[in-house]
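Take a look at the structure set out below.
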Amino acid sequence: MKILVATEKPFAPVAVKGIKEIIEAAGFECALLEKYTQKSQLLEAVKDVNALIIRSDKIDAAVMDAAPELKIVVRAGAGYDNVNLEAATAHGIVVMNTPGQNANAVAELVIGLLLYTIRNRFDGTSGTELKGKKIGLMAFGAVAQNVARIAKGFGMEISGFSPRNQPQKIIDAGFHVHEDVQSLFAENDIVSLHIPATPQTKGCITYDLIKSMKPNAILLNTARKEIIDEEGLLRAMTERPDLRYVTDLKLGAHDEAVEKLAGRYIFTPKKMGAQTSEANINAGLAAASQIVDFFKNGVTTFQVNK
Ligand code: 3PG
């Protein structure tokens with residue numbers, strides 16, 4: 001069996017070492033394609049592989065066509081919107097993710113970005129504090145639960161909204177549940193987005209929601225850029241010069257946002273929520289183990305294209 005780790009944005013070396021050890025201990029071969037810049041490199045690298053470990057790497061029908069031996073793709077991470085599930089099913093390929101494994105890293109970035117923003121990018125001027133501020137979480141999966149845990153330590157007031165109307169986890173954690181997305185946006189000082197990118201969520205963060213935010217509110221997006229109605233965001237933030245949009249996912253309209261929202265569109269140079277050694281080890285090793293378990297024992301836990 002040949003397993004390819006194909007990561008345009010590489011794992012930390014210590015994670016790659018661990019992945020190799022798990023694969024080789026199972027008697028399989030491990031190949032590596034990191035920092036590739038052309039799709040043709042990926043197409044060439046997959047031609048004889050049986051399994052793939054990826055991150056946000058785009059796995060479409062063309063990649064599957066180029067990989068006749070491919071049986072399983074494991075997205076080392078949570079969101080699998082980068083994999084064409086229909087094409088995978090049609091090709092008889094199992095797709096899995098590794099839910100929760102990088103959640104703490106993303107949550108710590110959320111809080112880090114927040115501190116950076118409210119302390120005026122550490123420029124030495126007088127900022128504000130998190131204590132006593134209201135943070136509203138859109139969805140309450142693994143990342144949001146970790147954000148809540150850390151925010152509690154800062155003395156923040158936490159609430160959540162469950163877009164799929166499954167608020168039990170928010171209730172069990174003892175936080176206020178918003179009945180609708182409108183109140184989530186209208187009642188919090190900070191709204192942090194934790195929903196996946198799906199056809200249903202595409203562009204769901206609209207002009208109206210953003211425009212309704214509290215004075216000086218912050219909208220935090222470490223989820224996916226596709227969930228934002230970008231035209232609506234730009235319009236709402238132009239009309240509301242007190243709002244800030246903070247993200248590790250550059251907008252499609254990045255240059256326009258930099259120009260129009262000077263200093264209020266705060267972004268990192270690269271998607272980096274899951275960029276820690278710990279998250280890379282957790283997600284990478286889980287991916288390797290899931291592949292070994294799949295080939296040796298037929299285990300399909302975490303399959304997402306059932
Ligand atoms: C995820 O879906 O797990 C996160 O968005 C992390 O993505 P990454 O592996 O590309 O950093």
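Indexing begins at 1, ligand by ligand and atom by atom, following the structure's order.
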Seminar exercise, completed: Near Gly77 (heavy-atom distance under 4.0 Å), the atoms of ligand 1 are 3 (O)
Problem set entry | atom 9 (O) of ligand 1 - nearest protein heavy atom and its distance | Arg55 NE, 2.9 Å
For this session: Using heavy-atom distances, let me know which of Glu8, Lys270, Arg75 sits nearest atom 1 (C) of ligand 1.
Result: Arg75
Exercise. Looking at Glu24 and Lys20, does any basic side-chain N land under 4.0 Å from a carboxylate oxygen?
Worked result: no
For this session: Check whether the side chains of Thr206 and Asp208 place a donor and an acceptor atom closer than 3.5 Å, and report yes or no.
Result: no
For this session: If you have a sec, work out which protein heavy atom is nearest atom 11 (O) of ligand 1 and how many Å separate them, to one decimal?
Result: Lys9 NZ, 2.7 Å
Exercise. Between Asn102 and ligand 1, which residue portion shows a heavy-atom distance shorter than 4.0 Å: side chain, backbone, both, or neither?
Worked result: side chain
Problem set entry | Where ligand 1 meets Lys271 - atom numbers and elements under 4.0 angstrom, heavy-atom basis | 4 (C), 5 (O), 6 (C), 7 (O), 8 (P), 10 (O)
For this session: List every atom of ligand 1 that sits less than 4.0 Å from any heavy atom of Arg224, numbering the atoms from 1 in the order shown and giving each element.
Result: 1 (C), 2 (O), 5 (O)
For this session: Return yes or no for this condition: an N or O of Ala274 is under 3.5 Å from an N or O of ligand 1.
Result: no
Exercise. What residue and heavy atom of the protein are closest to atom 10 (O) of ligand 1, and at what distance?
Worked result: Ser56 OG, 2.5 Å
For this session: Enter the distance from Ile218:CD1 to Ile190:CD1 here, rounded to the nearest 0.5 Å.
Result: 5.0 Å
For this session: Examine the proximity of ligand 1 to Gln275 and report which part, side chain or backbone, both or neither, has a heavy atom under 4.0 Å away.
Result: neither
Exercise. Residues sharing Leu4's hydrophobic cluster, by side-chain heavy-atom contacts under 4.5 Å among ILVMFWY, directly or via others?
Worked result: Leu33, Tyr36, Leu42, Leu43, Val46, Val49, Leu52, Ile54, Ile59, Val63, Met64, Leu70, Val73, Tyr80, Val83, Leu85, Ile93, Val95, Val304
Exercise. Can you tell which of Glu157, His178, Lys214 makes a side chain to side chain donor-acceptor pair (under 3.5 Å) with Asn188?
Worked result: His178
Exercise. Where does Met272 meet ligand 1, judged by heavy-atom distances below 4.0 Å: at the side chain, the backbone, both, or neither?
Worked result: neither
For this session: Can you label the angle between the Tyr245 ring and the Tyr265 ring as parallel, tilted or perpendicular, going by 30° and 60°?
Result: parallel
Exercise. With Thr268, which residues qualify under side-chain hydrogen bond (donor to acceptor under 3.5 Å, both in side chains), at least two apart?
Worked result: none
Problem set entry | Lys133 with Glu129: basic N within carboxylate O range, under 4.0 Å | no
For this session: Consider every N or O of Ala78 and every N or O of ligand 1, then say whether any pair is closer than 3.5 Å.
Result: yes
